[in-house]
Every structure is written in C-alpha cells, then in structure tokens.
Number of protein chains: 2
Amino acid sequence: MRPTVHDIAAAAGVSLATVDRVLNQRPGVRHVTREKVETAIRELGYVRDVAAANLAKGRTYPLVFILPASDNSFMHGLNAEIRQAVLRSSAERTDIRTIEVPAFDPAALVSVLEELSREKPCGIALVATDAPDVRAAVDRLVRERFPIVTLVSDLTGSLRHHYAGVDNIAAGRTAARLLGRFLGPRKGEIAVLAGSMLVRDHRERLEGFTAVMAEEFPDLAILPVLEGRDDPEVAHRLVADALGNAGIIGVYSLGAGNRGLIRALKEKAVDRVLTVIAHELTAHTRAALIDNTIDAILNQDAGHEVRSAIRVLKAKADGLAVIEAQERIRLDIFLKDNLP
Amino acid sequence: MRPTVHDIAAAAGVSLATVDRVLNQRPGVRHVTREKVETAIRELGYVRDVAAANLAKGRTYPLVFILPASDNSFMHGLNAEIRQAVLRSSAERTDIRTIEVPAFDPAALVSVLEELSREKPCGIALVATDAPDVRAAVDRLVRERFPIVTLVSDLTGSLRHHYAGVDNIAAGRTAARLLGRFLGPRKGEIAVLAGSMLVRDHRERLEGFTAVMAEEFPDLAILPVLEGRDDPEVAHRLVADALGNAGIIGVYSLGAGNRGLIRALKEKAVDRVLTVIAHELTAHTRAALIDNTIDAILNQDAGHEVRSAIRVLKAKADGLAVIEAQERIRLDIFLKDNLP
DNA sequence: CCAATTTTGATGTACGTAAATCAAAAAATC
DNA sequence: GATTTTTTGATTTACGTACATCAAAATTGG
C-alpha cells in the first residue's frame, strides 16, 4: 500500500496537522520541522492521492479556451471537440469556457488575456497569434502562475508551459518530401496555397516545405505563394487562375479553404497529372483523397489536441508531471488506404 | 453541482441504504422500489463519482498482460512501456502483472488464460496468437465477465471487448501505395521480408500489400515472401541472397529483424537505387531512415497501445464508456522529416 | 524568569461513496 | 390474525485528504 499522511506524520514524529501544514504550504512551521516532514515524504515516497484531495477540496478546474473566430472546417472541428470535452466535464471535474476573439488580431487577444488575469481560471489554452504583445501578455500570466498551453499554433520564445499542436516545420518538410518522391524524376512547377503568411503555423509549414524542396528536389520550382485567406471562394479563384500555367505538376495546400482548391482542381485539371498534398482531414478533403483528386493529407487531430491541452493544464495546476510521449501531437499522414 | 446519492434518495423518497442497494445491485429491494430509484437516477442525471467510489472501496485494478517471449526490438519496447505503466500504478490504482508465454504457441496461451479464470484479475490484455483454441478460451473468459483487450495482434471473430493495435491490412495497403508512388513509372520486382506467415498481423500486412500492388501497380511484381522469423541473422542471409537478383527495385519489410535487413542493404545495395519501406521505429530503423537506407517507416506506438489497453480495461471493469477516437491506435508514417 | 509570540498537537467535520448492522415496517404465508 | 419472511430505514464507520479551531507546548524577547 502507498503511504498516507498518517504514515508521514508517524515517520517524521509530528502530528497530522503539521504534515498538513507542510503539504499545503500553510504558515506556522519551523524550518527544522518542515525539513523533517519533507525528508519523511521523500523517504517513504509519499505522493498525495489527487482523487482524495480533489474530493476533499471539492475541487474543479476552471479552464478557458481562447479561439480565433475563423469560419473554417478545422476551427469548427476544434470547437466541436471542446464541446465534447464540456460534456465530460462533470466526470473530469473541469469547468470549460470558450472565448472567441477576432482572428489575426493581437490586440483583441491581449485584452482577453488581461481580463483573465482577474478572473483566475486554473488554466488557459489559446490558439496563439504570433505577436510581441501576445508573447508579453502570456509571459505575464505565466509569471502570475497561471498554467498556459498554446493550441494548434505556438508562441515560440514565450514562457508558455506546453504546446499542444504539431511541429509545423516538420509538416512542411514532410509535405515536400512526399510531393518530391511522388513526382519522381519529373521537372516542373509547384503551386503553394496558404491561408495567410501572417499566421505562424502557415509560415512554418512553408519554411519547412521550401527548405526540403531546395535541398533535395532542385528540379521542382516553387511558384509564389497564393494566399487564400482560408476562404474557399478566394482559394478557388486563385487556384483556377494558377492552373492556367501548364508547367504546374504539383500543389501543396498548407492551410484551410480546401473546398475551393478541390473545386478548382476538378474543373481545370481533370486531364492533367497533378500531384496534390493538402492539410487537414475534413469531409471534403477525405472525399477528394478517395477519388484521387488529392494524393495525401497531412492532419492534426483536433480531439487529441484538446484532450491533451486539458490533461496538461490539470497536471500543471496540481504541480504534477505529464507523460511527455503521450502529449506529443503527431502529424498524421493519410493516404487513401489508412483513413480512419 | 452534480447530484449525489443523497439527492437520489430524497428524489425517490427512499433511504440512502436503498439507493446504495440499487446502485451496487445488492439484494433485498422490491421491484417497484428499484424502479423508483432508477427513475430518480435517470431524471437527475446522476453519475457515480468514480473517484469517491474507488476511494471508499479502496479499489485497485489488478490487470494482467500476456506477451509472447519474443526477442525483438518491438517486444522489448512493449515491455518497457508496461514497466512505465507499472511505475504509474499507484497513481492509477492499477496492479499490473506481466506473463510471458512462448511465441506462436496457442496451447501455452490457452493454459495461461485458463489459470487466469481462477485468479480473477479485473482485466486481461493479450498479444493474441490466432488459433481457434485461443479464440474459444478468450470467448469463455468474456462470458465469465472478464474485460479482455487484444494488443498488437487481434483475434478477429472473438468476443474480445477491444483491440489496441493498428489495422494491419491498412498498414500493408499504405506500404504498397507509398512504395508504388515512390517508384513511379519504374518496372521491376519487389522483395517482401516477413517474420512468419503464422502470425496474423504479418499475414494481414501482406494481404493489404499484395492487394494494392495488384490493383494499382501492375508493373511491380512481388517476389515470394522471405520469412526471416523476426531474427536479424536469418533476415540478413535471406535479403543478401535475394539482392543477387538485379531486378529488385523495392523492398517491404513487414516484420521485425530489421537489423539484418539494414546490414544486407548496406553491404549489397550501396550502388543501387532501391526503395525500402519497413515497419517499427527502432534505433536501427531510425538511423537507416536518416542515412537514406530506408525511405519510410510504418510504426505503431507501443506506449499508446499499452496506455490505451489500460484505460479501456479500467473503463470496462467499471462499466463506463470509452472515448472511441482516443483509443484508436494510429498507423504512424515516418519520413526522415517528421521523426519524433 | 516572565510574558508575548510562535509553533505544534489533538480533534472534529467535510467531500461522495461503500458497506455493514440492527431495528422497524411492510408484505407474504398459513 | 398471528407468524414468518422480505423489504426498508436509520445510523455508523471507513477511504485519504483538506481545513478549521482551540489548547498546549516550545521558543523568543525583554
């Protein structure tokens, strides 16, 4: 049996009350006594029974998710996963609130973060917009001891405790290698469709993509990036235009708005041998993968990201360790054969 | 606040003791009374606080893992992950025991399963050997209400509650498409290295592989399968021999023993352009992926499999629902760019 | 050395559930 | 209608921790 507070008290030769004072960092314990207790804790390998403690405290974990108000499949999926988590909240003792902020608007995000500092949630997950002000606001909250994880899009260089999302540079590199290998010895041009170069994850994907292309596939030339603003209509127009160029043999779509891309491909490229790699598995991209319009889909599992963020925030709130390997968000590569 | 047993008692107009009798299916409750309580439970949406219940019961979950005594990297990894889980067992209230049985030996597995029926663990995870006797033994245990999950290798058609492993047919299909696409328009022969055709997961991978090859890549001819018994030495000899055939342009290694494969490739194929796809990420395959000896690695994450098996067994033991999406074991595809 | 202060101990209640006991009430049997 | 049997209620203890209170002891300051 694992040791309890009683065992600690006995081993340290102090009373239960003193052990409690040490464990919950209450005042009124002499330094030497505190050390006796801490030694006993270490020697017996005591670990607080979190379930019992939470029961006694009647503890819940008020968590806040801050999401951009973007109208694309991925964000809808993310929202749906958060709603699923809310359904489980009574069993998990969480109390989850979602705040939507205008997309690509650092100031709005910062003001929400500042409000939260007053509200005292026990953890914050945010889809970060990459700006110095945001970084500063996050760092401030971390210093005030709020557990913070970034979701989907990271805030490199900030003090956030954890990032629940994929490595976007690796994603871009992977897309490049897949495209390069699929195209084999062919020479030609590659069209790249992004949402916006203002978003860090898109920039990083592009960075990884161009790096591998330059290093390993010199026969493939990357055309100037098309910025579709994650909007199907815009994407459709841009891609349809671009396909006027007969030299294009491959397409990498690294953002959202794939509905437009797929429509353009079906209209303009039925008779051409194009290799297409896109991000995010949705009903549309899935269908396109199956009918060979798309050759591979890179995906991040929004459900995993949300569940991971919650686990990490709870653990940080309790000062517990997380299982690192479990919290790594993997880049899923889907061909038509391994669709879930 | 979520309702407690007290609320149920009040709502149903009965005493706490009666609610307890209903909840824990103790005898001595009239049918009408039981229904009153059950109605109240439904109407208030009561769900038992598992943490509090476990605390009161002093419950632990005695779990058994049955593994084949195979000396390969994957099984070593699996064992290591189970040991990690054992380290967490006090926090997770589990009590995990591992039993090793001779590999590919249905009789041994069956006799272990029969012993367990007496020992009464609250859950069993096994790497199944695919044989009718094993199926029958598993079905018998399921009927005796033991939660059972298969691990890594499934037992199709049995009553096991869950399978914690990848879809091996999909894995084989994915390997075929990757190989086919990487090879592009080239014609030639493909060598396949397996462990043993007696193991279900290997058979399934081969099945998926040959199916896609036949459907979609008719220019690639699959050579007779080399059975390396997951042994590096045997694999080395077989592959080295096979590479005498100059028509080989691709290799699919669907089992273990990749150390031997890699050695053979480095000795015999330095000057050839071979495309190689292998299973299981180990130190060796990882290095080979980085130095371009291998082109892609398909992997199943043993840590995820173990943690998932434990979660599912605990949930089944408590009669709780599992988050299906969370328990799906994914086929990881690693190129040199997205290695963890 | 006494008083003021700090530190420690002893004890009780609570969290939500499990499990047991014994008495009381209701139902079934003859 | 009395007796047996079944069903129900009331109450208590326990799980491991948190938290509060009050008294007792130890330490500090003067």
Side-chain angles (χ1 to χ4, degrees), chain A residues 1-41 44-61 89-93 95 122 317-320, chain B residues 1-41 44-61 89-93 95 122 317-320:
Chain A
M1 278 308 266
R2 60 195 281 192
T4 73
V5 278
H6 295 85
D7 302 321
I8 303 300
V14 300
S15 77
L16 221 60
T18 301
V19 174
D20 180 69
R21 288 179 187 116
V22 173
L23 278 175
N24 297 293
Q25 30 228 3
R26 272 183 260 279
V29 183
R30 254 191 316 167
H31 190 66
V32 282
T33 318
R34 165 161 280 128
E35 295 220 311
K36 271 199 298 185
V37 174
E38 277 163 355
T39 307
I41 288 176
L44 297 192
Y46 169 83
V47 273
R48 182 198 246 105
D49 182 328
V50 184
N54 282 348
L55 178 60
K57 277 195 284 213
R59 158 148 218 178
T60 57
Y61 299 83
S89 53
S90 78
E92 297 176 351
R93 311 188 92 88
D95 175 14
C122 84
D318 291 334
L320 298 178
Chain B
M1 278 306 267
R2 58 194 282 193
T4 73
V5 278
H6 294 85
D7 302 321
I8 303 300
V14 301
S15 76
L16 221 60
T18 301
V19 174
D20 180 70
R21 288 181 185 114
V22 172
L23 278 175
N24 296 292
Q25 28 230 2
R26 274 184 259 278
V29 183
R30 254 191 316 167
H31 190 66
V32 281
T33 316
R34 166 161 278 126
E35 295 219 312
K36 270 199 300 187
V37 175
E38 278 164 355
T39 307
I41 288 175
L44 297 192
Y46 169 82
V47 274
R48 182 199 247 105
D49 182 329
V50 185
N54 283 345
L55 178 61
K57 275 194 284 211
R59 160 148 216 179
T60 58
Y61 299 83
S89 53
S90 78
E92 296 176 351
R93 311 189 93 90
D95 175 14
C122 86
D318 291 333
L320 297 177

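The basis for the numbers below is simple: all heavy atoms, side chains too, and nothing from hydrogens, waters or symmetry mates. Keep in mind it's a predicted model, so treat the numbers as computed, not measured.
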query: Whole-Å distance between D/dT17 C1' and A/Asp318 CG?
result: 13 Å
task: Check the pair A/Leu23, A/Ile41 against side-chain contact (heavy atoms from CB on, under 4.5 Å), reporting the backbone distance first and the verdict last.
output: CA-CA 9 Å; A/Leu23 278 175; A/Ile41 288 176; 3.9 Å; yes
query: Of all heavy-atom pairs between A/Arg34 and A/Gln25, which one has the smallest distance, and what is that distance?
result: NH2-CA, 4.5 Å
task: Output the distance between atom OG1 (B/Thr60) and atom CG (B/Asn54), rounded to the nearest 0.5 Å.
output: 9.5 Å
Listing time: all N or O pairs from protein to nucleotides 23-30 of chain D that are below 3.5 Å?
none

statement: Between A/Arg93 and A/His31, whichever has its closest DNA chain C nucleotide further toward 5' is A/His31
- prompt: When you check the gap from the basic side-chain N to the acidic O, do A/Asp318 and A/Arg48 get nearer than 4.0 Å?
  reply: no
- request: Could you state the atom-to-atom distance from CG of A/Asp7 to P of D/dC15 in whole Å?
  value: 12 Å
- prompt: How about A/Pro27 and A/Arg21: do any of their side-chain heavy atoms sit closer than 4.5 Å?
  reply: no
query: What residues in residues 12-25 of chain A put a non-hydrogen atom under 4.0 Å from any atom of DNA chain C?
result: A/Gly13, A/Val14, A/Ser15, A/Ala17, A/Thr18, A/Arg21
message: Distance check needed: D/dG9 P versus B/His6 NE2, whole Å only.
response: 14 Å
- request: Could you tell me whether the side chain of A/Asp20 and the main chain of A/Leu16 form a donor-acceptor pair under 3.5 Å?
  value: no
message: Looking at B/Tyr46, is its backbone amide N or carbonyl O close enough to the side chain of B/Arg2 to form a donor-acceptor pair, meaning the two atoms are under 3.5 Å apart?
response: no
C/dA18 OP1/OP2 closer than 4.0 Å to side-chain N/O of B/Arg26: no
message: Salt bridge check, A/Arg93 against B/Asp49: does any charged N sit closer than 4.0 Å to a carboxylate O?
response: yes
query: Counting N and O atoms only, with roles assigned by atom type, does the side chain of B/Thr39 sit under 3.5 Å from a partner on the main chain of B/Glu35, one being a donor and the other an acceptor?
result: yes
- prompt: Judged by atom type as modelled, is there a donor-acceptor pair below 3.5 Å linking the side chain of B/Asp7 to the main-chain atoms of B/Thr4?
  reply: yes
message: Near DNA chain C, counting only heavy atoms under 4.0 Å, which residues of residues 49-60 of chain B show up?
response: B/Asp49, B/Ala52, B/Ala53, B/Ala56, B/Lys57
- prompt: What pair of heavy atoms forms the shortest contact from A/Val37 to A/Ala12, and how long is it?
  reply: CA-CB, 4.0 Å
- request: In whole angstrom, give the distance that lies between atom CD1 of A/Ile8 and atom C1' of D/dG16.
  value: 12 Å
